[in-house]
Asks: 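What follows is a structure written as structure tokens; I'll ask about it next.
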Amino acid sequence: MNSKTYTIANIGSIEVCKHHSTKKLTIKLKPGSIPKVVIPKLMTYEMGYRFALEKENWIVKHNKKLEERIPKTIFNEENGFETRFHKISIQTHLKNSIELKRYNDSITIYYPATSNIASTAVQEKIKNSITEVLRFEAKKHLIPRTFELAQKYNFTVNKIFVKNLKSRWGSCSAQNNINLNVHLMRLPEDLSDFIILHELCHTVHKNHGSHFHSLLNKLVGNEKELNKELKKYNTQL
Ligand SMILES: [Zn+2]
């Protein structure tokens, strides 16, 4: 990939990416993602890094503002949660543990009546339970779907794994093993297919060069539009 990762003390990781159509340095911030510095192709990564260093205070300040704007998801009895194949509801029980019970397409998460549902500990556990449901669905759905699309478009894929990835929707290794984020199950099917096809194209082209984009565009028709749509979703709950 045409990017390099650096670390800046007050920010953490930043990514410097080369972009062929840009003429100036820009900083891109997105809540939940690491800051990106986009630089013209002819500049060195080092120049992008130094630019980010100069703008360190600005990045810290605006990143904080963006993070504050993300609504902190509160899972509770009233809201519940819907995955592609399951309706999840939340209830208290008299036991001291968090438990999951499944009945057809309904899943109930039980939490101790003595604990506060808004507490970080309970919210984290509910989140983990929902992620487990997503993982279950992802294994059942995404893996066969990837093989199906590979066969349809003549890609050779090795192994497919579903993982709870922090900031990426998927990746493809040099050995053509594909990792897919379990949170793809929260996306509409066309966007989930789009990510799968993106990774399948990496079995042929290992970078994001023009050959990669023209192949992907041939398969999905409107990569730009789909990428724009994808920006509305977060890789984490
Ligand atoms: Zn890629």
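Ligands are counted one by one from 1 in listed order, and the atoms in each one are counted from 1 as well.
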Asks: Taking the Zn ion (ligand 1) as the vertex, what is the angle from NE2 of His202 to NE2 of His208, given to 10 degrees?
Replies: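 For NE2 of His202 and NE2 of His208, the angle centred on the Zn ion (ligand 1) reads 100°.
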
Asks: Do Lys152 and Glu148 meet the salt-bridge criterion of a basic N to acidic O distance under 4.0 Å?
Replies: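 Lys152 and Glu148: not salt-bridged.
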
Asks: Measure the spacing between NE2 of His141 and CG of Leu134 and express it to the nearest 0.5 Å.
Replies: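 His141 atom NE2 to Leu134 atom CG measures 12.5 Å (nearest 0.5 Å).
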
Asks: Has Cys201 got an N, O or S atom lying less than 2.8 Å from the Zn ion (ligand 1)?
Replies: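 Cys201 does not place any N, O or S atom closer than 2.8 Å to the Zn ion (ligand 1).
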
Asks: Hey, is the Zn ion (ligand 1) within less than 2.8 Å of some N/O/S atom on Cys172?
Replies: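 Short answer: no, not a single N, O or S atom is under the cut-off.
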
Asks: What distance do Leu149 atom CG and Leu197 atom CG have between them, rounded to the nearest 0.5 Å?
Replies: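 Between atom CG of Leu149 and atom CG of Leu197 there are 5.0 Å.
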
Asks: Taking only Lys NZ, Arg NE, NH1 and NH2, and the carboxylate oxygens of Asp or Glu, determine whether Lys87 and Asp105 approach each other closer than 4.0 Å.
Replies: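 Salt bridge between Lys87 and Asp105, a charged N being under 4.0 Å from a carboxylate O: no.
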
